[in-house]
Amino acid sequence: MSAILLLNGPNLGILGQREPEVYGTDTLADIERAVGEEVAGMGWKVISFQSDSEGDLVRAVHANYATVGAIVNPGALMVAGWSLRDALANYPRPWIEVHLSNVWAREQWRHESIIAPLASGVVVGLGSLGYRLGARALLATAAGTERVPAAEPSATVPQPTVPTLAATA
């Protein structure tokens with residue numbers, strides 16, 4: 001069975017509790033479940049790993065080269081996680097960078113990712129829905145198409161929470 005790596009960086013283990021007005025109310029377990037639902041049709045499983053330590057994230061990337069792709073939310077490591085960046089540069093599969101909030105609508109220091117230029121794609125500002133979209137992009141990549149597959153409507157799939165940010169001057 002093939003698998004995708006779902007990699008989440010610092011402070012993402014407390015989703016649902018952490019600034020819900022910015023990050024939404026979905027927990028990391030909710031996101032893991034949603035990604036699993038997206039990729040189940042291909043027979044893929046999800047290898048989920050979260051750490052507040054950059055070294056642990058690097059080891060997780062190294063240990064999962066055999067996965068078919070990855071969804072990566074580096075959190076604040078997007079701006080200073082050079083060892084994570086180097087590990088992802090060597091990761092042999094496509095991967096999607098995801099951020100729950102719109103990083104460009106926030107503090108200036110969040111406006112540049114050292115990791116994004118290496119990613120196959122980047123999804124920002126769509127809350128936990130961004131993870132589902134990242135999974136769909138990986139499915140399309142694996143299928144050799146450029147079109148992201150549409151989700152099948154399901155009454156059992158909860159609607160993700162999309163946080164809103166107050167406009168700042």
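- Considering every non-hydrogen atom in both S113 and A116, the closest pair reads OG-N, 2.9 Å.
- The shortest side-chain heavy-atom distance between E37 and R132 falls under the 4.5 Å cut-off.
- Residues E112 and V79 are not in side-chain contact: their nearest non-hydrogen atoms beyond the backbone lie 4.5 Å or more apart.
- Applying the salt bridge (charged side-chain N to carboxylate O under 4.0 Å, His left out) test to every pair with at least one member in residues 85-98, sequence neighbours left out, gives no pairs at all.
- For the pair L138/P94, a side-chain contact is recorded, criterion being any heavy-atom separation below 4.5 Å from C-beta on.
- The minimum heavy-atom distance linking S83 with E54 is given by the pair OG-OE2, 2.8 Å.
- Both L15 and I71 belong to a single network of hydrophobic side chains, linked directly or stepwise wherever heavy atoms of I, L, V, M, F, W or Y lie under 4.5 Å apart.
- In this structure, CZ in R33 is found 14.0 Å from CD in E38, a value given to the nearest 0.5 Å.
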Using atom types as modelled, flag every donor-acceptor pair under 3.5 Å from a side chain in residues 58-65 to any protein atom, sequence neighbours excluded.
| from | atom 1 | to | atom 2 | distance (Å) |
| --- | --- | --- | --- | --- |
| R59 | NH2 | D56 | OD1 | 2.6 |
| N64 | ND2 | A60 | O | 2.7 |
| Y65 | OH | N90 | ND2 | 2.7 |

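- Inter-residue side-chain proximity for D30 and S128 is flagged as unmet; no heavy-atom pair is nearer than 4.5 Å.
- Residues L100 and D26 form no side-chain contact, since every pair of their non-hydrogen atoms from C-beta on lies 4.5 Å or further apart.
- Using a 4.5 Å cut-off on side-chain heavy atoms (C-beta onward), Y91 and T67 make contact.
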Please assess V39 against V68 for the test side chain to side chain contact (heavy atoms under 4.5 Å, CB included), listing each intermediate value before the final yes or no.
CA-CA 11 Å; V39 301; V68 296; over 6 Å; no
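- If you chain together hydrophobic residues whose side chains sit under 4.5 Å apart, L5 and Y131 never meet in one group.
- Here the CD-CG distance, from Q50 to L28, works out to 6.5 Å after rounding to the nearest 0.5 Å.
- Looking at heavy atoms from C-beta onward, W95 lies in side-chain contact with I115 at the 4.5 angstrom threshold.
- I14 and L7 fall into different hydrophobic clusters, where Ile, Leu, Val, Met, Phe, Trp and Tyr are joined by side-chain heavy atoms under 4.5 Å apart, directly or via other members.
- Using a 4.5 Å heavy-atom threshold, the side chains of L6 and I47 count as separate.
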List the steps and the verdict of side chain to side chain contact (heavy atoms under 4.5 Å, CB included) for I114 and M78.
CA-CA 6 Å; I114 61 170; M78 70 180 269; 6.0 Å; no
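- Follow the hydrophobic side-chain contacts under 4.5 Å out from L12 and you reach L129 in the same cluster.
- When all heavy atoms of P10 and L57 are compared, the closest pair comes out as CD-CD1, 4.2 Å.
- N73 places no side-chain N or O within 3.5 Å of a backbone atom of N8 that could act as its donor or acceptor partner.
- Just one residue in the list V98, L126, I96 forms a side-chain contact (heavy atoms from CB on, under 4.5 Å) with L133, and that residue is L126.
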